[in-house]
Amino acid sequence: MDFISLLCYFILLYLAVQVVRFIVADADLSLMWAEFFGQKPEKKLSDAVVWITGASSGIGEELAYQLAKIGAKLVLSARRKNELERVKQRCLECSRLQENNLLVLPLDLNQRETHEEATKRVIQHFGRIDVLVNNAGRSQRSLFVDTQVDVYKAIMDLNYLGTVSITKNVLSHMMEKRKGQIVNLSSLVGIVAAPLSSGYSASKHALHGFFDSLTAELLEYPEINIVNICPGPVQSSIVKNAFCEDVSKVFETCTDQLHKMPTARCVRLMLVGMANNLPEIWISDQPYLFVCYLWQYAPTWGRWLLNKMSKRRILNFKSGLDADVAYFTKLKTH
């Protein structure tokens, strides 16, 4: 076999490996590379002071457990103090952390006037803030034509302005130290469209724009890193607390979690992205990951495919069925 034939053989083999790798992927290619060849969270994040908002359930709760196991010092924030105490106790049980390495700090993102004092309390307790994880927020399940404008205001106040406010207070401390990391829990719907989540999607798009601009403004602080994390469907309780067409209404439809990525896997990939300071990471099983790439590089085809998938989701929602499984199952009809 001559050199040219051998080279073509290896190129085809490489391309075949990459295709298979993408088919079974649950994260973007940069993150997958970092998982195997990059820095390990156990080395990079141990002993770091990490402030997690929305730590009382879902991704925030699981993040607290995994960080505790690798030795990070934690600040746990959410509105429900009793749930934070529960998470704290389990962190102590699953790790070697001492009780003074875990600070329970109740926090409401909507009460922006309290954020400065909360930041001071963290610094007083630990002396520093190494990582801020902006995880708190609420999702949405409603059609735009049925939704009151007040719902959109509430979503932006919480998901966008609340995050901006806490970031502003913590960033001042990090700029003094000239070091730190700000992690933003966005979503794949902050990149692509999503029916029934127009307000939630808008808030995540807003955060993307904000943090991308902030990254550019921090170029003179090379040791302050911003990480945008974009999960797809993940097993969590976020849908149970979703906004509906009325601010006072509670979303009541039960949702199936079995088809979604396990929370533990999502959080592990998050930690890899944080340890390697990746500016943006996508975490999702297929077909969402494929739709994201298609949306980025062939937007017309991406929109066509997503529209085909979205029809079933909307029809199921209108029928009072679980919209979250509409992408994975045939349309259910009465």
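The chain is numbered in sequence order, starting from 1.
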May I ask you to test the T167-I182 pair for a side-chain heavy-atom distance under 4.5 Å?
yes
Separation between CE (M274) and CD1 (I229), nearest 0.5 Å, reads 6.5 Å
Do the ring planes of Y293 and Y297 sit parallel (below 30°), tilted (30 to 60°) or perpendicular (above 60°)?
parallel
Cluster check I281, F210: I/L/V/M/F/W/Y, side chain < 4.5 angstrom:
no
If you measure from NZ on K88 to CG on L103, what distance do you get to the nearest 0.5 Å?
7.5 Å
With the 4.5 Å side-chain cut-off for hydrophobic clustering, are V170 and L63 part of the same group?
no
Rounded to the nearest 0.5 Å, the CG atom of L207 sits from the CG atom of L214 at a distance of 11.5 Å
Pair N228, D212 - check side chain to side chain contact (heavy atoms under 4.5 Å, CB included), show working.
CA-CA 9 Å; N228 283 316; D212 285 345; 3.6 Å; yes
Between N169 and T119, is any side-chain donor less than 3.5 angstrom from a side-chain acceptor?
no
Without swapping roles, check the side chain of S201 against the backbone of A193 for a donor-acceptor pair under 3.5 Å.
no
Measure the shortest side-chain to side-chain distance between W295 and R303 over non-hydrogen atoms and say whether it is less than 4.5 angstrom.
yes
What is the minimum heavy-atom distance between C266 and V234, and which atoms define it?
SG-CG2, 3.8 Å
For E223, does its backbone N or O pair with a side-chain atom of R178 as donor and acceptor, under 3.5 Å?
no
Residue pair F243, T147: steps toward the side chain to side chain contact (heavy atoms under 4.5 Å, CB included) verdict
CA-CA 10 Å; F243 284 102; T147 307; over 6 Å; no
Side-chain donor or acceptor of E62 paired with backbone N/O of T263 under 3.5 Å:
no
Working to the nearest 0.5 angstrom, can you tell me the gap between L84 CG and L74 CG?
11.5 Å
When you compare the side chain of Y65 with that of V267, does any pair of heavy atoms fall below 4.5 Å?
no
Are Y288 and W282 close enough that their ring centers fall under 6.0 Å?
no
Please report the shortest heavy-atom distance between G180 and M174, naming the atom on each side.
CA-SD, 3.8 Å
Got a donor-acceptor contact below 3.5 angstrom from the S319 side chain to the L315 backbone?
yes
Between E61 and R86 (salt bridge meaning N to carboxylate O under 4.0 Å), is one present in this structure?
yes
Using 0.5 Å steps for rounding, measure from the SG atom of C230 to the NE2 atom of H208.
3.5 Å
For L188 and S284, work out which heavy atoms get closest and say how close.
CD1-CB, 3.6 Å
Ion pair R90/E93, N-O distance below 4.0 Å:
no
Can you tell if the side chain of I59 reaches within under 4.5 Å of the side chain of M270, non-hydrogen atoms only?
yes
Check whether L105 and V50 end up in the same hydrophobic cluster, where Ile, Leu, Val, Met, Phe, Trp and Tyr are linked by side-chain heavy atoms less than 4.5 Å apart.
no
Would a 4.5 Å heavy-atom cut-off, applied to side chains only, mark I166 and L107 as touching?
yes
Is there a continuous path of hydrophobic side-chain contacts, each under 4.5 Å between heavy atoms, that joins I123 to V131?
no
Residue pairs, two or more places apart or on separate chains, that pass ring-ring contact (aromatic ring centres under 6.0 Å, His included) and touch residues 134-173
F144-Y152
Are V227 and V164 connected, step by step, through hydrophobic side chains (Ile, Leu, Val, Met, Phe, Trp, Tyr) whose heavy atoms are closer than 4.5 Å?
no
Closest heavy-atom contact between K44 and A275?
NZ-O, 3.1 Å
Determine whether more than 12 heavy atoms belonging to other residues, nucleotides or ligands lie under 6.0 Å from atom CD of E99.
no
So, do D246 and V151 sit near enough that their side-chain heavy atoms are less than 4.5 Å apart?
no
For a side chain to side chain contact (heavy atoms under 4.5 Å, CB included) check, start with the C-alpha distance between V149 and K153, then their side-chain angles and the critical distance, and finish with the verdict.
CA-CA 7 Å; V149 174; K153 181 181 183 302; 5.7 Å; no
Salt bridge present between R265 and E35 (N-O < 4.0 angstrom):
yes
Determine whether more than 12 heavy atoms belonging to other residues, nucleotides or ligands lie under 6.0 Å from atom CZ of R112.
yes
Could you tell me whether E42 and K69 have a side-chain N and a carboxylate O separated by less than 4.0 Å?
no
Is it true that a side-chain atom of T53 and a backbone atom of V133 form a donor plus acceptor pair closer than 3.5 Å?
yes
R121 bridged to E117 by N-O distance under 4.0 Å:
no
For I52, is there any backbone N or O sitting under 3.5 Å from a side-chain donor or acceptor partner on N135?
no
Residues in salt bridge (Lys or Arg N to Asp or Glu O under 4.0 Å) with D130, at least two apart?
R128
Taking the side chain as every heavy atom from C-beta outward, state whether E280 and S186 have any atom pair closer than 4.5 Å.
no
Between K204 and Y200, does a side chain to side chain contact (heavy atoms under 4.5 Å, CB included) hold up when you go through it step by step?
CA-CA 6 Å; K204 296 302 183 180; Y200 178 71; 3.4 Å; yes
Looking at side-chain heavy atoms only, is the closest gap between L278 and L31 below 4.5 Å?
yes
Reported NZ-to-CG distance for the pair K73 and N100, which is rounded to 0.5 angstrom:
8.5 Å
Using only atom types and a distance under 3.5 Å, with no angle test, would you say the side chain of Q140 pairs donor to acceptor with the backbone of S198?
yes
Under a 3.5 Å distance rule, please check whether H115 uses its side chain to pair with a backbone N or O of D108 as donor and acceptor.
yes
Determine yes or no for a side-chain-to-main-chain donor-acceptor pair under 3.5 angstrom, with N110 supplying the side chain and G162 the backbone.
no
If you look at every heavy atom in L102 and F126, which pair is closest and at what distance?
N-CZ, 4.3 Å
Donor-acceptor contact below 3.5 Å, side chain W301 vs main chain L294
no
Closest approach of G54 to A136 (non-hydrogen atoms, all atoms of both residues):
N-CB, 3.6 Å
